[in-house]
Amino acid sequence: MTIQASDIEALIRESFPDAQIIVEGDDGQHFSAMVVDESFRGQNRVQQQRAVYAALKGKMDGPAGELHALALTTKAP
């Protein structure tokens, strides 16, 4: 089972509706994403990225996860 960049963006958008989100990748398993959101202000990078991974709702969990790799960049505007 593969996942598309648009699917990843939609999952992230549910938790961060006002964010600037760019998801790239076309092999169905390896992607990069940049998420810029005001809610990240005052959080360190680990806190920001944990919030985005939580938004993916288990899509990266274990070897059976639909999403194998995500290079993630997060920041406040």
Side-chain angles (χ1 to χ4, degrees):
M1 184 180 292
T2 61
I3 190 167
Q4 302 298 315
S6 58
D7 299 328
I8 296 168
E9 180 177 346
L11 286 168
I12 296 170
R13 179 95 35 221
E14 286 179 26
S15 294
F16 302 97
D18 298 323
Q20 175 189 355
I21 303 169
I22 300 171
V23 180
E24 298 176 331
D26 60 3
D27 71 353
Q29 292 185 331
H30 302 87
F31 295 90
S32 64
M34 180 180 68
V35 182
V36 180
D37 192 71
E38 185 61 40
S39 69
F40 295 149
R41 193 168 304 283
Q43 294 182 347
N44 65 40
R45 188 177 311 171
V46 172
Q47 292 168 320
Q48 294 171 10
Q49 293 188 359
R50 282 183 181 160
V52 174
Y53 285 126
L56 295 175
K57 300 179 181 176
K59 298 294 183 190
M60 290 191 73
D61 290 354
E66 293 177 60
L67 179 56
H68 177 71
L70 178 65
L72 184 57
T73 302
T74 56
K75 60 184 177 180

ILVMFWY cluster, Y53 and V23 together (side-chain gap under 4.5 Å):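 Yes, one cluster joins them.
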Among the clusters formed by ILVMFWY side chains lying less than 4.5 Å apart, do V36 and L70 turn up in the same one?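 No, separate clusters.
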Where do [X] and [Y] come nearest, in terms of heavy atoms and distance?
X   : Y   : value
D18 : D37 : C-OD1, 3.8 Å
Q43 : Q48 : O-NE2, 3.0 Å
F40 : V35 : CE1-O, 3.5 Å

Does any N or O in the side chain of R41 come within less than 3.5 Å of the main-chain N or O of P77, such that one atom is a donor and the other an acceptor?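 Yes, the answer is positive, given that a donor and an acceptor are paired below the 3.5 Å cut-off.
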Quick one: pull up [atom1] in [X] and [atom2] in [Y] and give me the separation to the nearest 0.5 Å.
X   : Y   : atom1 : atom2 : answer
E24 : I8  : CD    : CD1   : 11.5 Å
L72 : R50 : CG    : CZ    : 13.0 Å
T74 : N44 : OG1   : CG    : 9.0 Å

Could you list the donor-acceptor pairs under 3.5 angstrom formed by side chains in residues 9-17, with sequence neighbours left out?
| from | atom 1 | to | atom 2 | distance (Å) |
| --- | --- | --- | --- | --- |
| E9 | OE2 | R13 | NH2 | 3.3 |
| R13 | NH1 | P17 | O | 3.4 |
| R13 | NH1 | A19 | O | 2.7 |
| E14 | OE1 | K57 | NZ | 2.4 |

Any non-hydrogen side-chain atom of V52 less than 4.5 Å from a side-chain atom of Q49?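 No, too far: nothing below the 4.5 Å cut-off.
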